[in-house]
Amino acid sequence: MSFSDDRYSPSRASAGRQNGSANGLSSMLRLGIWSVLYFLFYMAQQVAELLAPLLLIAGVGWAALPHVVNAVSSSASHVDAQAHDVMSHVSEAIPHEIMLGSHLLTPSGLIFDGLLLMAVAAFGATLSAIAARSM
């Protein structure tokens with residue numbers, strides 16, 4: 001072992017700085033990419049968590065509404081025949097499907113979309129956790 005190995009060498013120091021700056025740039029680029037992915041996954045999760053219960057409640061309510069109106073109608077028929085007629089017209093007026101532009105809305109479709117959005121929220125939470133650990 002010679003003393004020349006312990007001496008300061010400017011060429012080694014500048015090479016270390018260049019390699020360190022390349023690692024720093026790579027690290028910053030990787031952090032930026034993971035940050036954007038984390039944002040996108042978390043945003044999808046938040047939107048899905050907001051809309052999933054709304055769609056589920058709307059779908060279940062829409063599916064249950066004709067049954068509730070029929071139950072009220074049958075109990076009202078014992079009291080007043082005119083009330084029974086009104087309730088039967090109301091239950092017939094509840095649509096089974098709604099065409100909104102080119103999108104068909106049904107109660108079972110809303111329930112399925114709500115469950116699908118719950119799966120998207122769980123998937124987004126998983127991916128955002130993975131992205132957070134990778135940062």
Side-chain angles (χ1 to χ4, degrees):
M1 178 172 180
S2 72
F3 290 112
S4 65
D5 292 340
D6 293 337
R7 275 191 281 160
Y8 174 75
S9 171
S11 62
R12 285 186 188 168
S14 65
R17 268 187 262 133
Q18 289 172 350
N19 191 16
S21 66
N23 284 340
L25 182 63
S26 170
S27 175
M28 290 296 287
L29 182 63
R30 185 173 152 233
L31 179 66
I33 290 171
W34 279 113
S35 296
V36 168
L37 289 175
Y38 181 76
F39 170 78
L40 291 175
F41 296 147
Y42 196 71
M43 183 66 139
Q45 176 189 356
Q46 292 297 314
V47 170
E49 284 179 351
L50 177 70
L51 293 178
L54 296 175
L55 291 178
L56 274 173
I57 291 170
V60 169
W62 187 7
L65 188 61
H67 301 291
V68 170
V69 170
N70 285 335
V72 170
S73 156
S74 66
S75 67
S77 68
H78 300 298
V79 177
D80 187 12
Q82 190 177 12
H84 176 67
D85 290 340
V86 169
M87 293 304 264
S88 66
H89 287 296
V90 168
S91 68
E92 291 171 5
I94 298 171
H96 297 286
E97 60 186 30
I98 296 174
M99 193 68 158
L100 198 66
S102 63
H103 192 72
L104 181 67
L105 297 176
T106 61
S108 61
L110 289 177
I111 294 170
F112 178 77
D113 289 344
L115 293 174
L116 188 65
L117 281 174
M118 286 182 162
V120 167
F123 188 65
T126 303
L127 290 179
S128 63
I130 291 170
R133 288 186 183 186
S134 297
M135 291 197 311

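Worth knowing before you read on, the calculation uses all heavy atoms, side chains too, and leaves out hydrogens, waters and symmetry mates.
In the hydrophobic clustering of ILVMFWY residues, with side-chain heavy atoms under 4.5 Å counting as a link, M118 and V60 come out together. Cluster annotation: L115 and I57 are assigned to distinct hydrophobic clusters (Ile/Leu/Val/Met/Phe/Trp/Tyr, side-chain heavy-atom contacts under 4.5 Å, transitive). The same ILVMFWY cluster, assembled from side-chain heavy atoms under 4.5 Å apart, contains both I98 and L54. Under a hydrophobic clustering in which Ile, Leu, Val, Met, Phe, Trp and Tyr are joined whenever their side-chain heavy atoms come within less than 4.5 Å, directly or via other members, L117 and L100 fall into the same cluster. Under the 4.5 Å side-chain contact rule for hydrophobic residues, L29 and V36 do not share a cluster.
Side chains of Y42 and L127 form no contact here, defined as non-hydrogen atoms less than 4.5 Å apart. Taking the side chain as every heavy atom from C-beta outward, I94 and W62 approach each other to under 4.5 Å. Between S108 and I111, every side-chain heavy-atom pair lies at or beyond the 4.5 Å cut-off.
The minimum heavy-atom distance between A52 and G114, with the atom names listed, is CB-O, 3.5 Å. Taking both residues in full, the closest heavy atoms of P53 and E49 are given as CD-O, 3.1 Å, listed atom of the first, atom of the second, then distance. Closest approach of T106 to E97, counting heavy atoms only: CG2-CB, 3.7 Å. Residues S128 and A125 approach most closely at OG-O, 3.0 Å, considering heavy atoms.
Note: T126 OG1 to Q45 CD = 8.5 Å, rounded to the nearest 0.5 Å. Remark: N70 CG to E92 CD distance equals 9.0 Å, nearest 0.5 Å.
Within 6.0 Å of atom CE in M99, more than 12 heavy atoms from other residues, nucleotides or ligands are found, so the atom counts as buried in its surroundings.
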- [ ] Show your working on side-chain contact (heavy atoms from CB on, under 4.5 Å) between L105 and L110 and close with a plain yes or no.
- [x] CA-CA 7 Å; L105 297 176; L110 289 177; 4.1 Å; yes
Task: Derivation and outcome, side-chain contact (heavy atoms from CB on, under 4.5 Å), residues V120 and F123 - done: CA-CA 5 Å; V120 167; F123 188 65; 5.6 Å; no
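Side chain of S35 to backbone of L31: a donor-acceptor contact under 3.5 angstrom is found.
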